[in-house]
Undergrad: 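Right, I'll just put the structure down here and ask away after.
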Amino acid sequence: MHLLLVDGSGYIFRAFHALPQLNRKSDGLPVGCVQGFCNMLYKLTEDLKGEDEPTHMAVIFDYSSKTFRDDIYPQYKAQRPPAPEELVPQFPLTRAATRAFGIPSIEMEGWEADDIIATYACNARKAGGKVTIVSSDKDLMQLVEPDGSIRMLDTIPRPGQPPLRWIGVEEVFNKFGVGPDKVIDVQALCGDSVDNVPGVPGIGVKTAAELINQYGDLENLLAHVDEIKQNARREKLREHAELARISKRLVTLAQDVPVALDLGALARQPIAPSELFPFLKAMEFATITKRLAGLLDANPDDFAADPDIAAKPVAAVGFDNTARAEARAARQEATGRAGNATVLHAADMHARVKAIPFNPDAYEIIRDASALQRWLDLIVSNGHVATDTESTGLDNQTADLVGISFSVAPGTGAYLPLGHIEGNDDMFGGGRVEGQMDMREALDMVRPMFADRSILKIFHNAKYDLGLLARYDIAVNSIDDTLLLSYSLDGPQFNTMAELSDHWLGFAGIPIKDLLGSGKTQKTFAQVPLADAARYAAEDSDITIRLWQVLKPRLAAENMTALYETIERPLAPVLARMEGRGVSIDRQILSRLSGEFAQRAAAFEAEAYELAGQSFNLGSPKQLGEILFDKMGLDGGTKTKTGAWATGAGVLEELALKGVPLARTIVDWRQLTKLMGTYTDALPHYINQRTGRVHTTYSQHSVLTGRLSSNDPNLQNIPVRTEDGRKIRSAFVAAPGKILVSADYSQIELRVLAHIADIQALKDAFEEGLDIHAMTASEMFGVPVQGMPSDVRRRAKAINFGIIYGISAFGLANQLSIPRGEAGDYIKTYFERFPGIRDYMEEQKRRVKADGHVSTIFGRKINFPNANSHNPSERSFVERASINAPIQGSAADIIRRAMIRMEPALKKAGIEADMLLQVHDELIFEVPLGTENTAMPVIKTVMEGAAEPAVRLNVPIQVDAHAAHNWDEAH
DNA sequence: GCAAGGACGTA
DNA sequence: GTACGTCCTTGCA
C-alpha cells in the first residue's frame with residue numbers, strides 16, 4: 001500500500017503566495033490557486049509512476065474552527081490575519097476539485113489538517129504501508145521516517161526548481177538540525193512566530209538544535225538546566241520552562257484523530273469523466289481539460305459545465321431569444337440550488353463576519369508619529385484598509401478635516417485625530433486639543449499610503465472622502481466603496497452606513513447625533529471630545545471593513561462584478577473631481593432676474609387678490625382650493641388622496657380655458673415664485689467662498705434606475721422650458737478665458753428601446769436620421785411627414801414618451817387632454833403598427849413578477865419588491881416602472897461609461913477640457929476658449945461609442961454638441 | 001424642529 | 001404613464 005496524503009489547506013495558502021494571482025473566471029472570481037491545485041493533482045497522477053505510484057489517496061483540509069490547541073494556548077494562531085479576500089472563495093472550490101478528481105476530501109471539526117494527516121500516516125505505516133505527504137509544511141516534518149516509510153513531497157511551483165521535491169530525513173536535518181523524531185523538541189524551544197507558538201524567548205532553531213542534540217529531548221534538558229553554562233540561556237530556560245512544555249504540546253501532532261473513513265476507503269478510484277469535466281468546464285480551465293481528455297481518452301464536449309460552479313450568465317434584458325431563455329433557466333436553477341461555490345462563500349462570509357463581536361476598547365488613538373508608523377506598517381502588510389475621514393460638515397467642499405480612522409480587520413480600529421479643538425464654540429474658545437499629531441506631519445506620512453496602488457482603501461461613500469482629501473493634496477488610488485457595493489447589489493435600498501450595519505451586521509453603531517447633538521446647540525466633529533470621537537470614528541472603519549467582507553463576495557456570487565468594477569467604482573473619483581471643479585454662475589444676472597421676477601410676481605399677487613375678492617396666501621394650495629371650489633363654487637374640482645382640493649397646474653390650466661382668470665394668474669405667479677425661491681434667490685447662497693463657484697453633490701447611489709441625482713444645489717433641474725427659465729440658465733457661465741461645451745444624446749431612450757425591443761421600423765428611422773416623432777405619426781395616422789400638422793406630431797411625441805414611461809390610456813388621455821377611449825385607440829394602433837414594443841412590455845412585466853427585478857443591457861438589476869403586490873394600483877405601477885427601468889437605466893449606464901472614459905480620452909487627445917456637470921443625457925464641459933472645436937469631436941466620439949465594446953447597439957447613437965459662453969446658448 | 005403633502009423644476 | 005430634488009405650507013411635537 002502506498003498512501004498519498006495531500007495537505008490541501010497548506011497547498012492553497014502557499015500557492016497563493018507563490019503563484020501570480022492573475023487567473024479569474026469570466027464572472028470575475030479569482031481561481032489561480034484552484035488551477036494550481038488541479039495542475040498538481042494532474043501532475044501527481046502523471047509523475048508518480050512505478051514504485052512511487054500511490055494506491056490510496058486523500059486530500060486533507062483544515063476545518064475552520066477551534067481545535068484542542070486553542071484550549072492549551074489561546075494565542076495560538078491568534079494573530080494570523082484573515083485569509084486574503086481573493087483566496088477565500090477558492091477554499092470551497094478546492095474541495096470541489098478534489099471530489100471531481102474522485103479523491104476523498106477530508107476535514108474534521110476540532111482538528112487541524114496536520115493531525116488528520118498524522119493519524120492516517122501512522123495508521124498506514126502500522127499496517128505496513130508506505131506514505132507520501134504532499135506538503136512543505138515544516139510542522140509535518142516530525143512525521144518523516146528514516147526508513148523511508150513516511151516521506152514528504154513539496155509541489156509548490158518555484159522558479160528554477162524541479163516541480164516535485166522530496167523531503168526525507170536529510171532535508172529535515174537541514175531544516176531543524178535534528179532528526180524527525182526530535183523536531184518537536186526543537187520547535188518547543190524555538191517556537192514559531194507565524195503560528196504564535198511561543199517557545200523560549202531568545203532561543204532560535206540553531207540553539208535549540210544544539211541543546212536537543214546535547215540533552216536528547218526537552219524534559220531531559222529541563223532536568224539538567226543547571227548544567228548550562230551560559231547564564232542568560234540558563235535563566236531563560238528556567239523562567240520559560242512551562243512555555244516550552246506548552247509549545248511542545250502545540251506542535252505535537254495528534255495521531256489518534258477519530259477519522260471517519262478507514263484506510264480502505266482511501267483506495268484510489270479511477271477518475272470519472274462525468275465528475276471531472278463538468279467541474280473543469282465550469283472553472284474554465286481549458287489547458288488542463290485538454291490534457292486530462294487525452295489522459296482519460298474522453299471527449300470533454302460530452303459534458304456540460306457544472307451549473308453549481310459555473311459563471312452564471314449575465315442577466316440579459318432582451319427577450320424572445322431561445323438562448324437567453326435557456327441561460328436564464330440555467331441561472332435560476334443554479335441559484336435555486338444552494339450549491340454555487342461563490343454563493344456559498346458569500347453566505348459563509350456573512351455568517352462569519354456577523355458573528356465577530358464589536359469591542360470599542362480595542363480601538364486605539366494615534367497620538368504620535370511612532371504610533372502612526374506602526375499602523376501604516378500594519379496597513380502595508382495587510383494590503384488593504386478600511387478608512388474614513390471625519391470633518392466639520394456634510395459638504396466636502398467647505399468642511400475641514402478633523403481626523404482619519406483606519407481598520408485592518410473586523411474588531412480592529414484606530415483614530416488619528418488632527419483638528420480637534422476645545423469644546424467651547426465661541427470665537428475665542430477654539431484652542432487645539434492636546435495629544436494630536438501635527439496635521440501636516442501626519443498627512444505627509446499617510447499620503448504615500450493613500451497613493452499606493454497596491455494598497456486597497458475601502459471607504460463608505462469614497463466620493464466624499466476623495467473630494468475632501470484632494471483639498472489636502474492627498475490623492476487616492478485603488479479604492480473600494482461599501483456604499484457602491486451595496487448599490488450595485490441591492491440598488492438604493494440602503495443609503496447609510498447605519499442602515500447597512502443594522503441590516504448586515506445586526507449592529508446599530510453610535511448615532512452621530514449622540515456626539516454632535518442637534519439644533520442650535522449642534523457641535524461640529526472638531527468639538528467632540530477625543531475619546532468619544534475615536535470610538536465613533538474607529539467604529540465607522542470597523543463597520544466598513546465588515547461590510548466590505550460581507551458585500552464584496554456577493555459580487556461574484558450575484559454576477560455584479562462587472563457592473564461594480566467597470567461602472568460604479570471607477571465613476572466615483574470622476575464625480576469627485578466634477579464636484580470639486582464646480583461651475584461658475586453670474587451673481588449679477590441672478591440678482592437682476594430676482595428683482596424682475598419679484599416685481600412681476602407682486603403684480604400677479606395683487607391681481608389674484610382682486611380676482612378672488614380677498615387676500616390669501618397664494619402659496620397655500622389649501623387656501624387656494626377653498627377659494628376656487630368652496631367660495632367661488634367652480635366645478636371641475638377633484639380631491640387629492642388626502643381629501644384636499646387638487647390645485648395642480650393641470651387643474652388650473654383647465655379652469656383658465658374655461659374662463660377663470662384667477663387660475664391663470666396663480667399659474668403665472670407660481671412659476672415666477674418657483675424660479676425665485678429655487679433658483680435666483682437660492683443659488684447665490686451656494687457660491688463657495690474659497691472657489692467662487694457652485695459645487696453640487698452628486699448621488700451615485702440614490703436612483704433606482706442607475707441615473708445620478710444632484711443636490712445642494714440640484715443642478716439637474718435648472719429651468720429650460722420657459723423663456724424666464726432660460727434666463728436663469730444663462731447665468732451659468734464659463735470662467736474668463738474659457739467657454740462652455742454642452743453635449744447631449746439625441747433621443748437616447750428611444751434608441752435604447754429600439755435596440756432592446758429590436759424594432760426594425762425604429763432602427764431604420766434612426767439609421768436614416770429621420771424625425772422620429774414625425775415618423776411615428778406618419779406610421780400611425782397615415783399622414784405624410786411632409787407638411788405634417790404640428791398637432792399630429794405632438795400627439796405622436798406624447799405617445800413615444802408614453803411608451804418609455806409604460807403607457808396607460810389614463811396617462812396618455814391626461815397628457816393630451818383627450819377622452820380615455822381615444823387614448824386607448826391610439827395605443828391599440830401603436831401596438832398594431834409596432835407589435836415588438838408590446839412584446840417587450842409583456843416580457844418585462846413577466847420578468848418582474850417572476851424574478852422581482854428587471855435588468856439593463858449592462859446587467860444592472862432594478863429591484864421591485866412589490867411586483868406581486870395584492871394592491872392592483874401598486875401592481876400596475878410596478879408594471880409601468882419595470883417597462884421604463886431597463887430603458888432609462890441602460891441610457892444611464894451608457895452615459896456613466898462615457899464619463900469614465902472621458903477624462904483619459906481628452907487627456908490623450910491633449911485637450912484641457914474639464915467635465916463639470918451631468919444632466920442625465922447631457923454633459924457640460926469648460927474648455928479654454930478657442931479649443932472648443934477640437935474638444936467637441938472627441939467628446940462626441942466618446943459619448944457615441946460609450947456602450948461599446950460591452951454592448952454592440954444595433955442603432956446609431958447621436959450626440960449633438962454646442963459651445964457658448966453660457967449654458968443656455970450652449971444647450 | 002421635523003415630517004408629510006402638494007406643487008413644480010429637470011430628463 | 002418613468003426617474004429625481006427643492007420649496008412652501010401645514011400640522012404636530
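Proteins get letters first, then strands, A, B, ... in listed order; numbering begins at 1 in each.
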Undergrad: Quickly work out the A:K674 NZ to C:dT9 P distance and round it to whole Å.
TA: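 Nearest whole value for this atom pair: 13 Å.
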Undergrad: Whole angstroms only, please: what is the CG-C1' distance between A:L624 and B:dG6?
TA: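 That distance rounds to 12 Å.
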Undergrad: Write down the distance between CG (A:L675) and P (B:dT10), rounded to a whole number of angstrom.
TA: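 Checked: the CG to P distance equals 8 Å.
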Undergrad: Could you give me the CA-CA distance, side-chain angles and deciding distance for A:M915 and A:V574, then say whether side chain to side chain contact (heavy atoms under 4.5 Å, CB included) is met?
TA: CA-CA 9 Å; A:M915 187 159 59; A:V574 174; 3.6 Å; yes
Undergrad: Output the rounded distance in Å from CG (A:N814) to P (C:dT2).
TA: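 Rounded to the whole Å, the gap is 11 Å.
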Undergrad: Answer with base, sugar-phosphate or nothing: what part of the nucleic acid does A:F801 contact at a heavy-atom distance below 4.0 Å?
TA: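 It contacts nothing in the nucleic acid.
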Undergrad: Take atom CH2 of A:W669 and atom C1' of B:dC8, then tell me their distance rounded to the nearest Å.
TA: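 Going from CH2 in A:W669 over to C1' in B:dC8 covers 12 Å.
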Undergrad: Just verifying a value: how many Å separate A:H685 NE2 and A:D712 CG, rounded to the nearest 0.5 Å?
TA: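 Answer for the NE2-CG pair, A:H685 versus A:D712, is 14.0 Å.
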Undergrad: What nucleotide, of B:dA11, C:dA3, C:dG1, holds the atom closest to the side chain of A:D921?
TA: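 The answer is B:dA11.
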Undergrad: Among the candidates C:dT10, B:dG6, C:dG1, find the nucleotide nearest to the side-chain atoms of A:Q815.
TA: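 Between C:dT10, B:dG6, C:dG1, the one nearest the side chain of A:Q815 would be C:dG1.
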Undergrad: Check whether any side-chain N or O of A:R880 sits under 3.5 Å from a backbone N or O of A:Y805 as a donor-acceptor pair, and report yes or no.
TA: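 No, because the side chain of A:R880 does not come within donor-acceptor range (under 3.5 Å) of the backbone of A:Y805.
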Undergrad: Kindly write out the residues that satisfy salt bridge (Lys or Arg N to Asp or Glu O under 4.0 Å) with A:E944, not counting sequence neighbours, or none if the list is empty.
TA: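 Applying salt bridge (Lys or Arg N to Asp or Glu O under 4.0 Å) to A:E944 gives none.
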Undergrad: Pick base, sugar-phosphate or nothing for A:E749, based on heavy-atom distances below 4.0 Å to the nucleic acid.
TA: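 Touches nothing.
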Undergrad: Just to confirm, is there a sub-4.0 Å distance from OP1 or OP2 of B:dG1 to any side-chain nitrogen or oxygen of A:Q522?
TA: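 Checking A:Q522 against B:dG1: no side-chain N or O falls below 4.0 Å of OP1 or OP2.
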Undergrad: When you get a sec, tell me which of C:dG5, C:dG1, C:dT10 is the closest nucleotide to the side chain of A:N711?
TA: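 That would be C:dG5.
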Undergrad: Which part of the nucleic acid does A:A798 contact within heavy-atom distance under 4.0 Å: base, sugar-phosphate only, or nothing?
TA: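 Base: the residue A:A798, judged by heavy atoms under 4.0 Å, touches a nucleobase.
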Undergrad: Looking at A:Q888 and C:dT2, is any side-chain donor or acceptor paired with a base atom of the opposite kind under 3.5 Å?
TA: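 By the distance-only test, yes, there is a pair.
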Undergrad: Could you state the atom-to-atom distance from CD1 of A:I756 to C1' of C:dT2 in whole Å?
TA: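 Between C1' of C:dT2 and CD1 of A:I756: 14 Å.
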Undergrad: Is the positively charged end of A:K622 above the ring of A:W645, judged by distance under 6.0 angstrom from the centroid and angle within 45° of the axis?
TA: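 No, cation not above the ring by the 6.0 Å, 45° rule.
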Undergrad: Verify side chain to side chain donor-acceptor pair (under 3.5 Å) between A:D681 and A:S594, making sure each step is shown before the conclusion.
TA: CA-CA 6 Å; A:D681 294 353; A:S594 181; 2.4 Å; yes
Undergrad: In residues 636-655 of chain A, what residues come within less than 4.0 Å of DNA chain C, judged by heavy atoms?
TA: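 None - not one residue of the stretch has a heavy atom sitting under 4.0 Å from the strand.
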Undergrad: Let's test your reading of the model: under 3.5 Å, does the base of B:dG9 pair with the side chain of A:N717 as donor and acceptor?
TA: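 Yes, the side chain and the base share a sub-3.5 Å donor-acceptor pair.
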Undergrad: A:I718 near the nucleic acid: base, sugar-phosphate alone, or nothing, with a heavy-atom cut-off under 4.0 Å?
TA: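 Answer is sugar-phosphate: A:I718 comes under 4.0 Å of backbone atoms only.
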Undergrad: Do any of residues 676-687 of chain A sit with a heavy atom less than 4.0 Å from DNA chain C, and if so which?
TA: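 Result for residues 676-687 of chain A: A:G677, A:T678, A:A682, sorted by number.
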Undergrad: Which part of the nucleic acid does A:S876 contact within heavy-atom distance under 4.0 Å: base, sugar-phosphate only, or nothing?
TA: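 Answer is nothing: A:S876 stays at 4.0 Å or more from every strand.
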Undergrad: From the options C:dC4, B:dA11, C:dT10, select the nucleotide whose nearest atom is closest to the side chain of A:L704.
TA: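 Between C:dC4, B:dA11, C:dT10, the one nearest the side chain of A:L704 would be C:dC4.
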Undergrad: Could you work out which one of B:dA7, C:dC4, B:dA11 sits closest to the side chain of A:R721?
TA: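 In terms of side-chain proximity for A:R721, the closest of B:dA7, C:dC4, B:dA11 is B:dA11.
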Undergrad: Go through the steps to decide whether A:E568 and A:S488 satisfy the test side chain to side chain donor-acceptor pair (under 3.5 Å), and finish with yes or no.
TA: CA-CA 7 Å; A:E568 301 304 347; A:S488 300; 5.0 Å; no
Undergrad: Can you confirm whether or not the ring centre of A:Y826 sits under 6.0 Å from the ring centre of A:F781?
TA: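 Centroid separation for A:Y826 and A:F781: below 6.0 Å.
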Undergrad: Within this structure, what is the OH-to-P distance between A:Y487 and C:dA3, rounded to whole angstrom?
TA: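 From A:Y487 OH to C:dA3 P: 13 Å.
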Undergrad: Let's see if you can work this out: which of C:dT2, C:dG5, B:dG1 has an atom nearest to the side-chain heavy atoms of A:Y805?
TA: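 Looking only at side-chain atoms, A:Y805 lies closest to C:dT2.
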Undergrad: Across the strands shown, which category fits A:R670 at heavy-atom distances under 4.0 angstrom: base, sugar-phosphate, nothing?
TA: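 Sugar-phosphate, no base atom in range.
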Undergrad: Can you confirm whether more than 12 heavy atoms, excluding those of A:N871, are under 6.0 Å from its CG atom?
TA: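 Atom CG in A:N871 is packed in, count exceeds 12.
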Undergrad: Under 4.0 angstrom, heavy atoms only, what part of the nucleic acid is A:R880 near: base, sugar-phosphate, or nothing?
TA: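 Answer is sugar-phosphate: A:R880 comes under 4.0 Å of backbone atoms only.
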Undergrad: Could you point out which residue of A:V733, A:I687, A:L715 forms a side-chain contact (heavy atoms from CB on, under 4.5 Å) with A:I585?
TA: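 The residue from A:V733, A:I687, A:L715 that satisfies side-chain contact (heavy atoms from CB on, under 4.5 Å) with A:I585 turns out to be A:I687.
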Undergrad: Backbone N or O of A:Q918 within a donor-acceptor pair of the A:Y698 side chain at under 3.5 Å?
TA: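 Judged by distance alone, yes, a pair lies under 3.5 Å.
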Undergrad: C:dC7 P sits how many Å from A:N617 CG, rounded?
TA: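 Whole-Å distance recorded here is 17 Å.
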